[in-house]
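In what follows, chains carry the letters A, B, and so on, assigned in the order in which the sequence lines appear, proteins first and then strands, with residues in each chain numbered from 1.
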Protein chains: 2
Amino acid sequence: MATSGKNGTPPAARQVPERCAQCTDRAERLFCNLPEEAIERFDEIAMQISYPSRSIVFEEGQRAAGIFVVCSGQIKLAATSRDGRTMILKIAVPGDVLGLTATLNDLPYEVTAETLEPCQIRSVRRRDFLEFLSHFGDVSRHTAQVIAREYHEVFLDARRLALSGSAAGRLAQLLLDWARTGSCGKPELRFTMALTHEELANMAGTSRETVTRLLNQFERDEVIARHGASISILRPVEMERMVG
Amino acid sequence: MATSGKNGTPPAARQVPERCAQCTDRAERLFCNLPEEAIERFDEIAMQISYPSRSIVFEEGQRAAGIFVVCSGQIKLAATSRDGRTMILKIAVPGDVLGLTATLNDLPYEVTAETLEPCQIRSVRRRDFLEFLSHFGDVSRHTAQVIAREYHEVFLDARRLALSGSAAGRLAQLLLDWARTGSCGKPELRFTMALTHEELANMAGTSRETVTRLLNQFERDEVIARHGASISILRPVEMERMVG
DNA sequence: TTCCCACTGTGATAGCCATCACACCTGCAT
DNA sequence: ATGCAGGTGTGATGGCTATCACAGTGGGAA
C-alpha cells in the first residue's frame, strides 16, 4: 500500500525539536500558535512520543485519555462498522490535533488513528489538558476555533455523502474539496494524491472498482489529468456540474 | 406538514424572560450556563428576536453575521444541493446555538435555519461575540465544549451515511442515535417523532417512499411500535443488527 | 532473475432503491 | 358539502453500482 497521503511530504519523520517553544513551524499551525507563557506550560504537560509506521495511536471506542498533536508524519483517521466497512475521515498532517472532541466531551474516541509513516506526536492527558484550558483563556479560544474547523471538515463529509447523489458526484466532490482546502491554506487545482483507490473509495463512500473506473473516465473526459501520483483538475466547472 | 419535531414541546413559543440573567432554564443548557458576570455582558450584546413560524433565520452560503441562541421553538437546519436534494442536519431545540462554527471560522453559514414554529431567539453579532470570547475565558471553554458536541453529532451523521450500507440500516441507525441522545440527556427508547416521512428521508439519506415502507416493515417485524406520533423501539438489539 | 504481493483494470451479474404513478386519507378553508 | 393540499400507502420499472471473478502490472526482496 502507498504510504504517503494527500499532499506530498517526506516519507520519513523529520526531526522535531525537544520542546514546542523551539518549534519553527509553530506560527503556521492554528493550535500550536500559542502565547509564550502557554507554550511553556504546554511543554511541561506534554509528552513526546515517536510512533513507527503502521502503528495505532488510539482506537475507536476507547475512552478518551487525552489529546494528540501531530508534529511530523501522516495519520489515518478511520471508523469501522461491525460488518467491516471502513470510512476514512481524513489524513491528519502536522499541526492537526487528534482526540479533541472526545476529550472535551469525555466520550470514547470516534475514530481509530493509525500512522501511515513514522510520526512524532505530542500528547497531553485529559486531566492536564482540561486544567490547561481553564488556566489559559486564549488557549480555549484557539481550541474552539480548531474544533470549529474540524466541524467544518466533517460537515463537508456528511454533505458530500448525503447530497452528491452518484458515486461519480461524491468522488468529484471529494477531489474538489481537497483542491479547495489545499492541505494547508491556498486552493491548488493540482495536488499529490498518493492514496490507493481502495482508500479513496473509503473516503468517497463507494467501492474500489468504481473509483478505478471513474478516475479513468474523468481522465478520458479530460476533466482531470494524472502524472504519477499527482492529479490536476483541468475543468473544475465541469466537475462541479457532475456533483448534483 | 407537521410542525413539531423530534421530542414533544408546546406548539407555540413559550414566553421567555427579557434578559438571560432571569432565565430559569439556564442551568440545564450547556452554552447558557455562564458565570454571572458573563451573562450580564451577554445580555448587553445580545438582541432578542421573535420569528414567526416558517421563517428563515439565516441561509446557507451567507457570510456569517453572528450566532443565534434558541430560547424557545424548534428550528430546522438543512443544506441543499444545486439540483434540489435536501439534507436535514438536525432539528435545533431551545439551548442550541446556531452559526457558531461559521462565525468562528469566518466562513459562510453551512446550513439554512428555518423555524418550524414561532421562535424566540437571541442573537449576537460576530464582532461582539469574538470580543466577548476574548474577555471571558470561561465562555471560550464552554464554547469549545458546545462545538465539540456539535462535532460529535455531525460525525454521527457522516458515519451513518458512510457505514450503514442500506437504507434500512441508515433509518435504523438514525432512530437509535435519537433514542440514545434523547434530545436532552437520558436515553429513552420511546420518543415523539412528529417529522414527516419526507423529512425523515432527508435525514436518513433515502426517499420518502422507502421510509414509509421501512417504518411499516419495522412495525410488522415488531422492532418498533407506533402510537400516533410517538415511536417505541421494542428490540434495540435487533435494530443494531440491521445497521451493518 | 524470479517470485510475490499489493495495486489496478475490466467484464458480468444481481440487488437495492430512487423514481414515477396513482389511490387514499385527513384536516381545513371556503 | 365540497374541494383542496399535504401527507401516507403501494406497485412497477429501470438504473446505478456493489460485488465477484480474474487478468494485468510493477516494485521490492531474496
Notebook entry, point to check: Are B/H152 and A/T101 linked by a side-chain donor-acceptor pair shorter than 3.5 Å?
Noted result: no
Check: In terms of side-chain heavy atoms, does B/S53 have a donor or acceptor partner in B/E117 at a distance below 3.5 Å?
Finding: no
Note to self: If you only use heavy atoms from C-beta on, which nucleotide in C/dG9, D/dT19, D/dG9 is closest to the side chain of B/N216?
What the structure shows: D/dG9
Next item on the list: Let me know the distance between CG of B/L215 and P of D/dG9, rounded to the nearest Å.
Entry: 8 Å
Next item on the list: Please state how far atom CD in B/E219 lies from atom C1' in D/dT10, giving the value in whole angstrom units.
Entry: 16 Å
Check: Nearest to the side chain of B/R208 - D/dT10, C/dG9, D/dT19?
Finding: D/dT10
Check: At under 4.0 Å, does any side-chain N or O of B/T210 touch on OP1 or OP2 of C/dA18?
Finding: yes
Notebook entry, point to check: Taking atom types as modelled, is there a side-chain donor on B/S230 or B/R190 under 3.5 Å from an acceptor on the other?
Noted result: yes
Note to self: Which residues in residues 162-175 of chain A have a heavy atom closer than 4.0 Å to any atom of DNA chain C?
What the structure shows: none
Margin query: For B/F58 and B/Y109, I'd like to know if the aromatic rings sit close, meaning centre-to-centre distance below 6.0 Å.
Written below: yes
Notebook entry, point to check: In whole angstroms, how far is the P atom of D/dG11 from the CD atom of B/Q217?
Noted result: 13 Å
Item checked: Given C/dT8, C/dT19, D/dT19, the nucleotide with the shortest approach to the side chain of B/R213 -> C/dT19
Margin query: So, does B/H197 get its side chain near the phosphate of D/dG6, meaning an N or O under 4.0 Å from OP1 or OP2?
Written below: no
Next item on the list: Please report, rounded to the nearest Å, how far the P atom of C/dC17 is from the CG atom of B/L161.
Entry: 13 Å
Check: Between D/dG7, D/dT10, C/dG9, which nucleotide has the shortest distance from any of its atoms to the side chain of B/T196?
Finding: D/dG7
Note to self: Can you tell me whether the side chain of A/E209 and the base of D/dC20 have a donor-acceptor pair closer than 3.5 Å?
What the structure shows: yes
Notebook entry, point to check: With the threshold set at 4.0 Å, does a side-chain nitrogen-carboxylate oxygen contact exist between A/E60 and B/R159?
Noted result: yes
Notebook entry, point to check: Between A/R122 and A/Q48, do the side chains contain an N or O donor and an N or O acceptor separated by less than 3.5 Å?
Noted result: yes
Next item on the list: Give a yes or no on whether a donor-acceptor pair under 3.5 Å exists between the nucleobase atoms of C/dC7, that is its base, and the side chain of A/E198.
Entry: no
Item checked: SB check B/R226 B/E219 (cutoff 4.0 Å) -> yes
Notebook entry, point to check: Between atom CG in B/N202 and atom P in C/dA18, what is the gap in whole Å?
Noted result: 11 Å
